[in-house]
Amino acid sequence: MSQSKHTEARELMCSGALLFFSHGQQNSAADLSMLVLESLEKAEVEVADELLENLAKLFSLMDPNSPERVAFVSRALKWSSGGSGKLGHPRLHQLLALTLWKEQNYCESRYHFLHSADGEGCAHMLVEYSTSRGFRSEVDMFVAQAVLQFLCLKNKNSASVVFTTYTQKHPSIENGPPFVQPLLNFIWFLLLAVDGGKLTVFTVLCEQYQPSLRRDPMYNEYLDRIGQLFFGVPPKQTSSYGGLLDCLPQRQPRFPSRQPCTGFQFLRVLARVCCCLCLSSGCEGLTVALIHIALTIVRCWRKETQLIVVC
């Protein structure tokens, strides 16, 4: 069949599927939707935004609990990858994430946002997820996991965007840095360290924030991978948690991780990071920036004695 015939047949099947959906004929609509995908596969059609939007539209109309929907999205993502072996086109992931967000299926939406390039959309979804389903004590964990997973996927830009947007928009997070939540301070430092690529800085951060990192055992797994991708840490040799993090001192924190302190802890970590950068070549600009931030914090601190920082 010629390319034009494939296109004509595909448009007819897509229109038919939409008509069936509008009349509540889920099974017939799902069958036609699968035929649309089959046409795309057989004709080896190149990925285009219009096609991705059509597939996302069909997906949005399917019964969320139907097995046909699962089969459809799996096949659609495989086609959108163009045989590259990747996990699907970022634009299709974004469209799927937005649909699932509207359905309040936050877990699935989060997965697709991670494989898109929409860090801002992901942040807004996580704010809603946290405020509607999460505990107030876990507001930092929602964004920390997302940032770490974005970094594991080597998506530094989205990791930075999701962190900045989330911390600015979440009603339970005060303006920072520094933040009241120590885990947020760690993530902020980590994003700076990733840009510098200095292993000494990464090691200091993981050591200083061990009390916060123990809140979720998966953090160690993510950080091992991040260490390999951005700091030249060799892959771990065993299947247990560890790698670089297994080598860190497991001493008890001087200050309990959930109790506020005077803010010197944040500055202490900042000072250690600056020292590490000063000992490394080519990081003068970042070092000066960090010192400037530290001085600004101290000035604000002196003016507003009620400022409390946890680190």
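These numbers come from a predicted model, not from an experiment.
- Closest heavy-atom contact between Val139 and Tyr166: O-OH, 2.6 Å.
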### Steps toward salt bridge (charged side-chain N to carboxylate O under 4.0 Å, His left out) verdict (Arg69, Glu108)
CA-CA 13 Å; Arg69 195 190 211 198; Glu108 291 294 326; over 6 Å; no
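- In the hydrophobic clustering of this structure, Phe230 does not group with Val161; members are Ile, Leu, Val, Met, Phe, Trp, Tyr whose side-chain heavy atoms approach within less than 4.5 Å, directly or through other members.
- Nearest heavy-atom pair, Arg133 versus Gln104, reported as atom, atom and distance to 0.1 Å: NH2-O, 3.6 Å.
- Closest non-hydrogen pair, Val162 versus Ala159, comes out as CG1-O, 3.2 Å.
- At a threshold of 4.5 Å between side-chain heavy atoms, the hydrophobic network of Ile, Leu, Val, Met, Phe, Trp and Tyr places Phe186 and Met218 in one connected group.
- The residue from Phe135, Tyr106, Tyr129 that alone fulfils the ring-ring contact (aromatic ring centres under 6.0 Å, His included) condition with Phe142 is Tyr129.
- Contacts of Tyr222 classified as ring-ring contact (aromatic ring centres under 6.0 Å, His included), with partners at least two apart in sequence or in another chain: none.
- Under the 3.5 Å distance criterion, the side-chain polar atoms of Ser81 are matched with a main-chain donor or acceptor of Lys78.
- Under a 3.5 Å cut-off, the side chain of His23 and the backbone N or O of Gln25 do not form any donor-acceptor pair.
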Could you tabulate the donor-acceptor pairs under 3.5 Å formed by side-chain atoms of residues 45-64, not counting sequence neighbours?
from: Asn54; atom 1: ND2; to: Glu50; atom 2: O; distance (Å): 3.3
from: Ser60; atom 1: OG; to: Lys57; atom 2: O; distance (Å): 2.6
from: Asp63; atom 1: OD1; to: Asn65; atom 2: N; distance (Å): 3.1

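- Judged by distance alone, with hydrogens and angles left aside, the side-chain atoms of Ser109 form no donor-acceptor pair with the main-chain N or O of Asn105 at under 3.5 Å.
- Put simply, the side chain of Ser160 never gets that close to the backbone of Lys156: no donor and acceptor are under 3.5 Å apart.
- Under the rule for a ring-ring contact (aromatic ring centres under 6.0 Å, His included), the partners of His112 that lie at least two apart in sequence or sit in another chain are His93.
- Phe231 and Trp188 fall within the same hydrophobic cluster, defined by Ile, Leu, Val, Met, Phe, Trp and Tyr side-chain heavy atoms under 4.5 Å apart, directly or through other members.
- For the pair Ser80 (side chain) and His89 (backbone), a donor-acceptor distance under 3.5 Å is present.
- At least one donor-acceptor pair under 3.5 Å links the side chain of Gln210 to the backbone N or O of Cys206.
- Across all their heavy atoms, Ala146 and Leu114 have their closest contact at O-CD2, 3.9 Å.
- Minimum heavy-atom separation, Pro182 to Tyr209: O-CE2, 3.3 Å.
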